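The structure under discussion appears below in the form of structure tokens.
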Amino acid sequence: AEDWWCDYRRPIVHKMKDAESRDKMLLSALVLNSALMPNLFGRYGNKDIYPNLYLIISGLSGGGKGEIQLAKHIVKPYSDEAKKNFEKALADYQQKFALWKEAAKQKKDPTKIGDAPIEPQEKYIFIPADSTEAAALRELKINEGKGIIFDSEGSVVRKALKSDYKDYSSIMLKAFHHENISVARIKDEIRYDIPNPRLSILLTCTPGELPKLFPSFEDGLGTRFLFYQLAPHVEWKDQLNDDDQLDYLFYELGTQTLDFYHQLADLKNRRIKFILTPEQQQRFNNFFQEVQLQEFETHGDGILSFVKRLGLSAFRLAMVLSLLRRHSDRKGIMHLFTESEQTLV
């Protein structure tokens with residue numbers, strides 16, 4: 001079974017000491033990877049779908065949720081590079097603005113010096129869960145509709161989702177299906193139009209916070225998430241064994257993530273379509289048809305939206321895993337895809 005994992009994920013399987021730890025770290029890594037796969041899409045329900053995943057990992061306080069923060073290192077090389085690019089662009093802007101300002105002083109006719117250079121805006125891939133709706137929209141807009149919400153405190157997320165003045169659950173609802181987000185607020189003097197948003201979400205919370213996050217069985221936001229529940233543990237865990245290799249492990253995975261991000265981004269307007277073989281399509285449909293019938297008989301029609309969106313998340317997981325496998329298989333080769341390739345099977 002170990003051979004099934006691509007080289008990209010095998011270090012997590014080897015390093016984490018038990019099955020539950022492997023589960024939570026692998027799932028967390030896949031969610032973060034899903035946010036950095038530009039140009040990859042699939043067709044699901046007659047719509048273009050991108051890899052972005054929503055996941056909640058729940059467990060008791062002190063139950064091991066804190067380790068999930070290590071997964072953030074996967075995105076650090078990307079964030080570090082984005083910061084360097086911004087600093088370079090800012091220095092370039094300041095130089096051009098100084099020249100433009102000097103030229104403006106010397107010339108009375110403004111038409112001869114042109115418009116002032118535009119100051120760059122720093123892009124942040126992480127959008128704080130504890131944000132107002134306007135702040136979240138602004139971050140998403142600056143980053144061209146892409147972002148990650150990653151928070152380890154369910155209470156923070158709950159307050160953000162339910163508060164009258166900073167409710168951005170509608171952003172999450174629409175971003176899951178990449179529906180255009182259009183918001184205008186006269187009072188706040190803001191207007192945002194974000195086409196095709198791509199948001200990945202990784203949250204952790206205690207089991208008791210889940211009903212507060214999603215109070216209704218048929219809650220539309222809840223049906224968009226994958227859920228993983230950590231089992232309670234009574235054994236004492238050695239907290240004095242300082243294993244900084246985990247930080248290094250996830251940062252190294254982040255350098256690989258940055259590599260395939262660049263290879264996909266370098267395709268520019270060329271997109272790669274993820275597809276299943278006819279046999280895989282049949283297996284996929286048969287499986288979810290059976291699941292849907294079983295769940296309907298047990299829970300009634302309220303469960304159907306869960307099952308349907310679970311199918312979409314499974315399709316996205318297949319997309320993410322297939323790209324990671326491709327990256328493993330082509331290690332040492334300059335390009336993930338040849339010039340003639342248009343699909344990822």
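Note that the coordinates shown come from a computational prediction; the quantities given were computed from them, not determined experimentally.
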Query raised in the report: Where do L90 and E87 land on the side chain to side chain contact (heavy atoms under 4.5 Å, CB included) test, with the steps shown first?
Result: CA-CA 5 Å; L90 183 62; E87 290 171 350; 5.6 Å; no
Hey, could you give me the [atom1]/[atom2] distance between [X] and [Y], rounded to the nearest 0.5 Å?
{"X": "I56", "Y": "D151", "atom1": "CD1", "atom2": "CG", "result": "11.0 Å"}
{"X": "S28", "Y": "N33", "atom1": "OG", "atom2": "CG", "result": "11.0 Å"}
{"X": "L253", "Y": "L324", "atom1": "CG", "atom2": "CG", "result": "9.5 Å"}
{"X": "L36", "Y": "S200", "atom1": "CG", "atom2": "OG", "result": "8.0 Å"}
{"X": "E290", "Y": "N286", "atom1": "CD", "atom2": "CG", "result": "8.5 Å"}
{"X": "E139", "Y": "I125", "atom1": "CD", "atom2": "CD1", "result": "10.5 Å"}

Provide the closest heavy-atom pair for [X] versus [Y] in the form atom of the first, atom of the second, distance.
{"X": "Q229", "Y": "P207", "result": "NE2-CG, 4.1 Å"}
{"X": "L55", "Y": "L27", "result": "CD2-CB, 3.7 Å"}
{"X": "P77", "Y": "L258", "result": "O-CD2, 3.9 Å"}
{"X": "L173", "Y": "G220", "result": "CD2-C, 3.7 Å"}
{"X": "I194", "Y": "P197", "result": "O-CD, 3.7 Å"}
{"X": "L137", "Y": "Y192", "result": "CB-CD1, 3.7 Å"}

Does the side chain of [X] reach to within under 4.5 Å of the side chain of [Y], using non-hydrogen atoms?
{"X": "E122", "Y": "K83", "value": "yes"}
{"X": "L199", "Y": "I127", "value": "yes"}
{"X": "L264", "Y": "L323", "value": "yes"}
{"X": "I57", "Y": "L230", "value": "yes"}
{"X": "K47", "Y": "F41", "value": "no"}
{"X": "V75", "Y": "F150", "value": "no"}
{"X": "Q263", "Y": "D259", "value": "yes"}
{"X": "I181", "Y": "K141", "value": "no"}

Query raised in the report: Aromatic rings F315 and F284: how do their planes relate, parallel, tilted or perpendicular, breaks at 30° and 60°?
Result: perpendicular
Query raised in the report: Taking the inter-plane angle between the rings of Y261 and Y78 on a 0 to 90° scale, is it parallel (under 30°), tilted (30 to 60°) or perpendicular (over 60°)?
Result: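 The arrangement is perpendicular - the two ring planes meet at more than 60°.
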Any side-chain donor paired with an acceptor under 3.5 Å for [X] and [Y]?
{"X": "E81", "Y": "H262", "result": "yes"}
{"X": "H178", "Y": "D48", "result": "no"}
{"X": "E102", "Y": "Q106", "result": "yes"}
{"X": "D266", "Y": "H335", "result": "no"}

Please check if the number of heavy atoms outside [X] that lie under 6.0 Å from its [atom1] is greater than 12.
{"X": "K101", "atom1": "NZ", "value": "no"}
{"X": "R138", "atom1": "CZ", "value": "no"}
{"X": "R43", "atom1": "CZ", "value": "yes"}
{"X": "R191", "atom1": "CZ", "value": "no"}

Query - side chain to side chain contact (heavy atoms under 4.5 Å, CB included) evaluation trace for H299 with F306 - result: CA-CA 11 Å; H299 300 289; F306 275 92; over 6 Å; no
**Report entry** Partner set under ring pair (Phe, Tyr, Trp, His ring centres under 6.0 Å) for F250, not counting sequence neighbours
**Finding:**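 Not a single residue meets the ring pair (Phe, Tyr, Trp, His ring centres under 6.0 Å) criterion with F250.
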Is the backbone of [Y] close enough, under 3.5 Å, to the side chain of [X] for a donor and an acceptor to pair up by distance?
{"X": "E67", "Y": "S21", "answer": "no"}
{"X": "E295", "Y": "I303", "answer": "no"}
{"X": "R224", "Y": "R309", "answer": "no"}
{"X": "S322", "Y": "M319", "answer": "no"}
{"X": "N39", "Y": "K268", "answer": "yes"}
{"X": "R326", "Y": "L336", "answer": "yes"}
{"X": "Y54", "Y": "F176", "answer": "yes"}
{"X": "S34", "Y": "L53", "answer": "yes"}

Same apolar cluster (I L V M F W Y, side chains within < 4.5 Å links), [X]/[Y]:
{"X": "Y124", "Y": "I149", "value": "no"}
{"X": "F288", "Y": "I275", "value": "no"}
{"X": "F227", "Y": "I68", "value": "yes"}
{"X": "Y251", "Y": "L202", "value": "no"}
{"X": "F126", "Y": "I142", "value": "no"}

Query raised in the report: F274 ring centre to R325 NZ or CZ under 6.0 Å, with the angle to the axis within 45°?
Result: no
Report task. Please say whether the positively charged group of K146, taken as NZ for Lys or CZ for Arg, lies over the ring of Y50, i.e. under 6.0 angstrom from the six-membered ring centre and within 45 degrees of the axis. Result -> no
Query - Full working for side chain to side chain contact (heavy atoms under 4.5 Å, CB included) between I201 and V31 - result: CA-CA 7 Å; I201 304 177; V31 172; 6.0 Å; no
Requested in this report: Assess whether side chain to side chain contact (heavy atoms under 4.5 Å, CB included) is satisfied between V307 and T223, documenting all intermediate values.
Outcome: CA-CA 8 Å; V307 178; T223 63; over 6 Å; no
Requested in this report: Go through the steps for N285 and Q281 under the test side chain to side chain donor-acceptor pair (under 3.5 Å), then give the verdict.
Outcome: CA-CA 6 Å; N285 288 325; Q281 289 182 37; 5.5 Å; no
